[in-house]
Amino acid sequence: MKRNRSQNRMKRPPAPVRREEVSGWPIRIGVLLLCFFLERCVLNRFPLWGGTPLLMPLAVASIGFLEGSGPGAVCGLGAGLASALAMGSDGTALIWFDTAIGLACGATLDKALGRTFPGYLLCALVTMLLWEGLQSVIHIFFLGDAADAVLALAGAEGGYSLIFAPVLYLVFLLLHDRFRSELEF
């Protein structure tokens with residue numbers, strides 16, 4: 001009796017389907033680009049009290065706050081480079097500022113604030129105070145602009161920006177919860 005070779009082999013059960021984890025970073029980068037587009041092309045056409053909102057530093061703060069200091073710094077560097085390229089020489093400070101904000105907000109994750117909404121609001125408030133304070137110092141002391149006008153514009157910009165902070169936190173929190181399995185840097 002001759003048996004076929006294929007009959008001699010034991011049949012193996014089919015291998016289970018392996019699902020590769022989808023990385024959330026392309027989606028986060030897409031949301032950052034959407035924030036950049038909204039900030040530069042849409043919301044700057046609707047000033048409030050003379051100021052336009054800044055979404056990129058708040059988005060970087062939320063990524064750093066939720067993901068940690070490494071991813072926050074890397075996203076801050078990318079967001080700062082995009083802003084600097086769009087603004088020309090006026091935006092080079094955003095490279096350093098966004099990187100530092102992403103790093104600092106990520107460092108608060110390891111400390112007392114945790115991943116709480118009030119903690120994020122505190123980070124967002126400090127982010128806007130630092131940015132508007134830096135801009136005010138530059139305009140008042142180095143460019144010679146009138147202090148009252150600069151401070152009024154800084155307050156308007158900071159307040160207008162903080163209106164969008166809860167929305168950005170919610171979007172990046174949903175992304176963080178959806179793609180939780182990722183490794184941190």
Side-chain angles (χ1 to χ4, degrees), residues 27-67 71-106 108-109 113 115-140 142-143 145-176:
I27 297 171
R28 287 180 184 98
I29 292 169
V31 172
L32 275 173
L33 289 173
L34 178 64
C35 289
F36 181 76
F37 173 76
L38 288 173
E39 178 184 316
R40 299 285 172 211
C41 298
V42 177
L43 293 174
N44 67 352
R45 301 197 186 269
F46 303 104
L48 186 63
W49 302 301
T52 57
L54 293 172
L55 300 181
M56 292 297 277
L58 293 175
V60 168
S62 64
I63 288 176
F65 185 76
L66 293 169
E67 303 296 332
V74 171
C75 284
L77 179 65
L81 284 171
S83 296
L85 288 174
M87 295 175 67
S89 64
D90 293 339
T92 54
L94 280 169
I95 297 171
W96 301 106
F97 182 77
D98 284 348
T99 305
I101 286 300
L103 186 67
C105 289
T108 62
L109 175 65
L113 293 179
R115 284 190 178 108
T116 62
F117 183 66
Y120 168 71
L121 286 180
L122 181 63
C123 282
L125 179 66
V126 168
T127 298
M128 291 317 298
L129 285 174
L130 287 174
W131 177 251
E132 296 302 333
L134 176 68
Q135 290 290 76
S136 297
V137 165
I138 291 171
H139 281 275
I140 292 170
F142 296 110
L143 299 177
D145 294 337
D148 56 344
V150 170
L151 293 176
L153 181 62
E157 247 181 25
Y160 194 9
S161 299
L162 287 174
I163 292 171
F164 295 98
V167 175
L168 290 172
Y169 177 75
L170 179 65
V171 167
F172 285 109
L173 180 66
L174 291 173
L175 287 174
H176 174 74

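If you read the sequence from its start, that first residue is 1, and numbering goes on from there.
Shortest non-hydrogen contact noted between Glu132 and Ala154 is OE1-CA, 3.4 Å. The minimum heavy-atom distance linking Leu94 with Ser83 is given by the pair CD1-CB, 3.4 Å. Nearest approach of Thr127 to Cys105, heavy atoms of both residues: OG1-SG, 4.2 Å. Across all non-hydrogen atoms, the minimal contact from Leu43 to Thr52 is O-CG2, 4.2 Å. Taking both residues in full, the closest heavy atoms of Leu121 and Ala165 are given as CD2-CB, 4.5 Å, listed atom of the first, atom of the second, then distance. Minimum heavy-atom separation, Val150 to His139: CG2-CB, 3.9 Å.
With contacts defined as side-chain heavy-atom distances shorter than 4.5 Å, the pair Leu168/Cys35 qualifies.
Atom CG of Leu38 sits about 11.0 Å away from atom CG of Leu33, to the nearest 0.5 Å. Ile95 contributes atom CD1, which lies 7.5 Å from atom CG of Leu77 (distance to the nearest 0.5 angstrom). A distance of 13.0 Å separates CD1 of Ile101 from CZ of Phe65, quoted to the nearest 0.5 Å. Going from atom CG of Leu34 over to atom CD1 of Ile27 covers 13.0 Å, rounded to the nearest 0.5 Å. Annotation: the span from Leu175 atom CG to Glu67 atom CD amounts to 8.5 Å, rounded to 0.5 Å. Here the straight-line distance linking atom CG of Leu55 with atom CZ of Phe164 works out to 6.0 Å at 0.5 Å rounding.
The distance between the ring centers of Tyr160 and Trp49 does not fall below 6.0 angstrom.
In summary, of the residues considered (Thr99, Leu32, Asp98), a side-chain contact (heavy atoms from CB on, under 4.5 Å) with Cys75 occurs for Leu32 alone.
In this structure, Tyr120 and Tyr169 have parallel ring planes: the angle between them is below the 30° cut-off, well short of the 60° mark.
Checking side-chain atoms of Ser62 against main-chain N and O of Ala59 turns up a donor-acceptor pair under 3.5 Å. Listed for the Ser161 side chain is a donor-acceptor partner under 3.5 Å among the backbone atoms of Leu54.
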For Glu39 and Asn44, what are the C-alpha separation, side-chain angles and deciding distance, and is it a side chain to side chain contact (heavy atoms under 4.5 Å, CB included)? CA-CA 6 Å; Glu39 178 184 316; Asn44 67 352; over 6 Å; no
Please assess Phe97 against Leu130 for the test side chain to side chain contact (heavy atoms under 4.5 Å, CB included), listing each intermediate value before the final yes or no. CA-CA 9 Å; Phe97 182 77; Leu130 287 174; 3.9 Å; yes
Before giving the answer on side chain to side chain contact (heavy atoms under 4.5 Å, CB included), spell out for Gln135 and Glu157 the whole-Å C-alpha distance, their side-chain angles and the decisive distance to 0.1 Å. CA-CA 11 Å; Gln135 290 290 76; Glu157 247 181 25; 5.8 Å; no
